[in-house]
There are 2 protein chains.
Amino acid sequence: MKVLIVEDDQFHASYLEDALVEAVPEVTQIFHAMNGEEGEKEARTAQIEAIVMDLQMEKRNGIEAARTIWAERPQTRILFWSNYADEAYLRGIASTVPEDSAYGYLLKTASRDRLKLALRAVLLEEQIVVDREVRRLQKRASSPRNALDDSEYEVLLDLAIGLQDKLIAERRGMSLRTVQNRLLSLYDKLGVEGDADTTLPLNKRVRALNRALVTRTINIESLESAQRDFERWLARRH
Amino acid sequence: MKVLIVEDDQFHASYLEDALVEAVPEVTQIFHAMNGEEGEKEARTAQIEAIVMDLQMEKRNGIEAARTIWAERPQTRILFWSNYADEAYLRGIASTVPEDSAYGYLLKTASRDRLKLALRAVLLEEQIVVDREVRRLQKRASSPRNALDDSEYEVLLDLAIGLQDKLIAERRGMSLRTVQNRLLSLYDKLGVEGDADTTLPLNKRVRALNRALVTRTINIESLESAQRDFERWLARRH
DNA sequence: AGATCATTTGCGGGTTCCCGCAAGAGGACT
DNA sequence: AGTCCTCTTGCGGGAACCCGCAAATGATCT
């Protein structure tokens with residue numbers, strides 16, 4: 001079996017390779033890539049069907065790479081191996097994984113044994129494996145209290161790249177007032193009002209972005225990709 | 001010589017330990033800590049005088065730890081070994097390093113040889129070593145074009161945690177209009193206006209925070225520590 | 001002191017934002 | 001159909017923000 005490792009940190013890459021050959025002796029060949037772009041190419045030319053990939057990389061992150069790889073060969077098994085359990089990544093993955101593809105999401109803090117187990121389960125058995133920590137976050141994100149639904153999340157991203165209400169309304173096809181309603185519920189769910197103490201006057205817009213970042217609802221990468229999305233939309237609009 | 005390694009990633013820690021014993025055979029004992037808080041304690045109880053430390057850590061980051069360590073024993077040599085070359089970190093270090101302490105700032109992407117060289121230079125020879133990449137950023141930050149002076153940087157942090165103009169004015173002891181002048185120059189230097197293309201209407205405040213994050217002028221950690229600073233100030237004000 | 005240049009500050013007005021209120025609009029259930 | 005509920009939308013007003021203009025203040029140099 002051919003396996004592709006996409007990881008920009010050399011230490012982590014070699015650790016991963018060690019664990020891989022231990023856990024999955026069926027492996028015959030191991031390919032390496034330093035970022036998502038290389039990873040896509042490698043996967044295409046070498047006809048790879050099993051991948052272990054970091055999420056956070058320079059040129060093109062793991063989620064974007066996964067999207068194109070799955071678009072070409074949906075049966076590819078991908079184990080994401082990441083430092084963070086940000087909600088932004090979770091949403092990214094949830095929105096790209098095809099119906100019946102095998103994938104896994106493991107944190108780098110996981111023990112070697114858990115890693116080896118996940119490697120076998122995903123790459124070989126085509127199961128779905130999600131790390132405990134990550135699962136916990138998924139839960140919290142889908143609990144009614146602080147859950148952002150998709151339309152709120154969209155507006156959050158638009159806010160985060162600095163759009164004003166009117167533009168958001170146009171882009172998302174809602175009325176101005178509806179956008180503002182979304183913002184109100186965002187302010188509420190993100191805890192923009194100083195939770196307990198004296199409510200001193202804040203700039204809610206900026207505060208919302210601040211809270212979203214600090215609570216790891218979004219991360220800087222999602223700012224960058226939201227910006228790209230927006231520019232694409234802008235070019236398309238007449 | 002006793003050396004303390006403060007690093008929360010196990011792979012990196014062991015790689016570092018290897019390089020350390022190779023580069024500095026004078027080392028007799030190596031201590032480990034997983035975060036800044038532990039690092040401070042360890043340094044105190046073991047009377048450590050040479051430290052290699054990551055910057056980004058859970059409990060207490062490297063800069064804060066360095067501050068207290070240097071406050072206790074300014075002659076301590078510290079080599080910062082970090083993933084990022086964020087301006088936020090640079091400012092942090094520049095503002096904490098005592099007059100004649102030896103320190104270094106190296107990126108984790110540096111080669112093993114550069115790491116070994118820096119280890120000897122800083123821990124043993126008490127020189128000051130700053131990575132090429134980092135130096136480049138330092139340069140750019142102090143070039144007239146995009147340089148934020150300290151007072152602009154302060155206002156940026158206040159903006160970033162969501163304060164409104166009036167509060168910033170009070171906190172920093174300037175008039176309302178002066179705060180707004182600072183904001184204007186921030187908008188300018190951060191490139192809030194869509195650099196070249198059609199200037200479409202943006203929320204400048206949010207956009208400024210966005211740009212500051214994307215250009216690595218500040219990072220999420222600095223948001224968190226700015227928030228703590230603000231709360232301390234808030235408690236003190238009558 | 002006097003001249004020059006940068007920074008600070010107040011004023012005023014045009015926008016954008018925040019949000020209460022109340023009138024639609026679209027289900028879902030009886 | 002009728003009732004109940006939730007979500008959307010328009011209106012309107014007060015607050016915050018952006019920023020041009022010009023006077024006041026300060027620092028530096030001759």
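A note on names: the letters A, B, ... follow the listed sequences, proteins ahead of strands, and every chain is numbered from 1.
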Check your understanding: When rounded to the nearest 0.5 angstrom, what distance separates CE in A/Met53 from CH2 in A/Trp81?
Key ->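 It is 14.0 Å, given to the nearest 0.5 Å.
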What's the [atom1]-[atom2] distance between [X] and [N], to the nearest Å?
X	N	atom1	atom2	answer
A/Leu176	C/dT15	CG	C1'	13 Å
B/Asp188	D/dG20	CG	P	12 Å
A/Lys166	C/dT16	NZ	P	6 Å
B/Met174	C/dG10	CE	P	14 Å
A/Gln164	C/dT15	CD	P	12 Å
A/Glu193	C/dC19	CD	C1'	12 Å
B/Arg177	C/dC11	CZ	P	13 Å
B/Arg207	C/dT16	CZ	P	17 Å

Output the single nucleotide from [options] whose closest atom is nearest the side chain of [X].
X	options	result
A/Tyr187	D/dT9, C/dC17, C/dC18	C/dC18
B/Leu183	D/dC18, C/dT8, C/dT9	D/dC18
A/Leu184	C/dT7, C/dT9, C/dC19	C/dC19
A/Arg182	C/dC18, C/dG10, D/dC7	D/dC7

Check your understanding: Quick one: is D/dT9 close enough that its OP1 or OP2 comes under 4.0 Å of any side-chain N or O from A/Thr178?
Key ->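 Checking D/dT9 against A/Thr178, a side-chain N or O does come within under 4.0 Å of OP1 or OP2.
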Check your understanding: Is the phosphate of D/dT9, meaning OP1 or OP2, less than 4.0 Å from a side-chain N or O of A/Asn181?
Key ->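 For D/dT9, neither OP1 nor OP2 has a side-chain N or O of A/Asn181 closer than 4.0 Å.
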Check your understanding: What residue among B/Arg60, B/Lys59, B/Lys108 forms salt bridge (Lys or Arg N to Asp or Glu O under 4.0 Å) with B/Asp54?
Key ->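 Only one of B/Arg60, B/Lys59, B/Lys108 forms a salt bridge (Lys or Arg N to Asp or Glu O under 4.0 Å) with B/Asp54, namely B/Lys108.
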Review point. Touch check for B/Lys204, heavy atoms < 4.0 angstrom, all strands: base, sugar-phosphate only, or nothing?
Key: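 Here B/Lys204 touches the backbone only, sparing every base.
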Point to revise | Other residues, nucleotides, ligands: >12 heavy atoms within 6.0 Å of A/Met34 CE | key: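 No, the 6.0 Å shell around CE holds no more than 12 heavy atoms from other groups.
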Review point. Around B/Arg132, counting heavy atoms of other residues, nucleotides and ligands shown, do more than 12 lie under 6.0 Å from its CZ?
Key: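 Not buried by this count: 12 neighbours or fewer within 6.0 Å.
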Review point. If each of B/Val179 and B/Asn203 is mapped to the nucleotide of DNA chain C with the nearest heavy atom, which maps nearer the 5' terminus, i.e. the 5' end?
Key: B/Val179
Review point. Taking 4.0 angstrom as the limit, do A/Glu193 and A/Lys204 come out as a salt bridge?
Key: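 Yes, A/Glu193 and A/Lys204 are salt-bridged.
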